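Note: hydrogens, waters and symmetry copies are ignored here, and every other heavy atom, side chains too, is used. For the single chain, residues carry numbers from 1 onward in sequence order. The structure presented is a predicted model; accordingly, all values stated were derived computationally and were not measured.
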Amino acid sequence: MSLIEEWRGMAGARMTPKESRAFWDEYYALEKEAYKKILSRREDFYEGSLSSLAAEFGMSEAVFCGFIDGINTSLVKEYDLEKLKGTTKISLKADFEKLYYNMLDAKASWLYSLPEWDGIFTKEKRDSIRAGWRRDKQAVSEKIERNAPCPCGSGKKYKKCCGANDKAS
């Protein structure tokens with residue numbers, strides 16, 4: 001069984017609500033501490049075998065693999081999670097802008113509100129990333145209204161031009 005399968009088995013195991021809460025509280029505490037360390041080191045990023053990094057972050061190899069699953073798309077070099085082993089060399093060099101954006105996307109307020117972000121980005125930069133995230137998540141309708149100018153540039157109303165054959169017009 002691969003480490004990621006072991007992690008998925010742990011995370012998806014049948015548990016009582018109390019056990020589930022305890023499991024995730026413990027994981028989120030480990031995750032938060034790991035991100036504090038990563039953000040504090042900024043330029044001096046963590047590298048080493050998966051096994052040694054898991055030990056450095058106080059996690060089992062499977063749990064650390066779950067952590068990598070969460071940060072993977074924010075890393076400069078993504079990893080094939082199915083191939084990770086204890087001996088796999090890992091670099092936790094992150095694209096911090098992408099990482100902050102992904103934390104917003106995951107609604108992980110316990111991570112994107114860490115004070116360690118102050119050493120990475122100014123408040124204005126974080127606000128700018130947040131504004132971009134909101135823009136990206138905004139629903140946009142591509143429907144052209146009947147009485148709107150035709151997008152072809154003819155100057156006619158859509159219903160009298162390109163939309164003349166639409167049944168809704």
Original post:
What do the steps show when you test W7 against Y27 for ring-ring contact (aromatic ring centres under 6.0 Å, His included), and what is the final call?
Top reply: CA-CA 11 Å; W7 164 251; Y27 174 76; 5.1 Å; yes
Original post:
Are Y101 and T73 close enough, and set up right, to give a side chain to side chain contact (heavy atoms under 4.5 Å, CB included), and what steps lead you there?
Top reply: CA-CA 11 Å; Y101 183 98; T73 59; over 6 Å; no
**OP:** Test side chain to side chain contact (heavy atoms under 4.5 Å, CB included) on L50 and T87 and set out the steps.
**Re:** CA-CA 6 Å; L50 184 144; T87 56; over 6 Å; no
**OP:** In sequence, state the C-alpha distance, the side-chain angles, and the governing distance for K36 and E33, and then conclude on salt bridge (Lys or Arg N to Asp or Glu O under 4.0 Å).
**Re:** CA-CA 5 Å; K36 283 181 174 183; E33 290 307 310; 3.5 Å; yes
**OP:** Decide yes or no on side chain to side chain contact (heavy atoms under 4.5 Å, CB included) for Y100 and K125, but give the supporting numbers first.
**Re:** CA-CA 10 Å; Y100 190 79; K125 179 64 175 175; over 6 Å; no
Subject >> Residues R130, L104; criterion side chain to side chain contact (heavy atoms under 4.5 Å, CB included); working and verdict >> reply: CA-CA 7 Å; R130 180 175 276 120; L104 290 168; 3.6 Å; yes
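Between Y112 and W117, a ring centre-to-centre spacing not shorter than 6.0 Å is recorded. Aromatic pair F96/F121: ring centres not closer than 6.0 Å.
Residues F67 and W110 are members of one and the same hydrophobic cluster, defined by side-chain heavy-atom contacts under 4.5 angstrom among Ile, Leu, Val, Met, Phe, Trp and Tyr. A continuous path of Ile, Leu, Val, Met, Phe, Trp and Tyr side chains, each step under 4.5 Å between heavy atoms, connects L114 with Y28, placing both in one hydrophobic cluster. Hydrophobic clustering (ILVMFWY, side-chain heavy atoms < 4.5 Å, transitive): W24 and L111 are in one cluster.
Although no hydrogens or angles enter the test, the distance criterion places a donor-acceptor pair under 3.5 Å between the side chain of E5 and the main chain of S2. Between the side chain of R42 and the backbone N or O of G119, at least one donor-acceptor pair lies under 3.5 Å. Distance alone, capped at 3.5 Å, places no donor-acceptor pair between the T88 side chain and the L84 backbone.
Counting heavy atoms from C-beta outward, K98 and L75 have side chains that stay 4.5 Å or more apart. Annotation: side chain of N147 is not in contact with side chain of Y158 (no heavy-atom distance under 4.5 Å). Between F64 and D69, the closest side-chain pair of non-hydrogen atoms is not below 4.5 Å.
Residues S74 and D95 bring no donor and acceptor atom of their side chains to less than 3.5 Å of each other.
Of the charged side-chain nitrogens involved, none lies within less than 4.0 Å of a carboxylate oxygen, so that K37 and E56 do not count as a salt-bridged pair. A salt bridge between R8 and E82 is present, with a side-chain N of the basic residue lying under 4.0 Å from a carboxylate O of the acidic one. Ion pair D118/R126 flagged as a salt bridge, since at least one NZ, NE, NH1 or NH2 atom sits closer than 4.0 Å to an Asp/Glu carboxylate oxygen.
Nearest heavy-atom pair, L3 versus G86, reported as atom, atom and distance to 0.1 Å: CD1-N, 3.9 Å. In plain terms, the two heavy atoms of E78 and N72 that are nearest each other are CG-O, 3.0 Å. Contact between A54 and S60 at its shortest, heavy atoms only, is CB-O, 3.8 Å. L30 and M59 make their closest contact through O-CE, 3.7 Å (heavy atoms, listed as atom of the first residue, atom of the second, distance). Residues K89 and Y79 share a closest heavy-atom pair of O-CE2, 3.7 Å. Summarising the geometry of Y35 relative to I71, their closest heavy-atom pair is OH-CB, 3.4 Å, with the distance given to 0.1 Å.
No more than 12 heavy-atom neighbours from other residues, nucleotides or ligands sit within 6.0 angstrom of CZ on R21.
Taking SG of C65 as the start and CG of L81 as the end, the distance is 5.5 Å to the nearest 0.5 Å. For the atom pair CG (L53) and CG (L92), the distance works out to 5.5 Å, reported to the nearest 0.5 Å. To the nearest 0.5 Å, atoms CG (D127) and NZ (K123) are separated by 3.5 Å.
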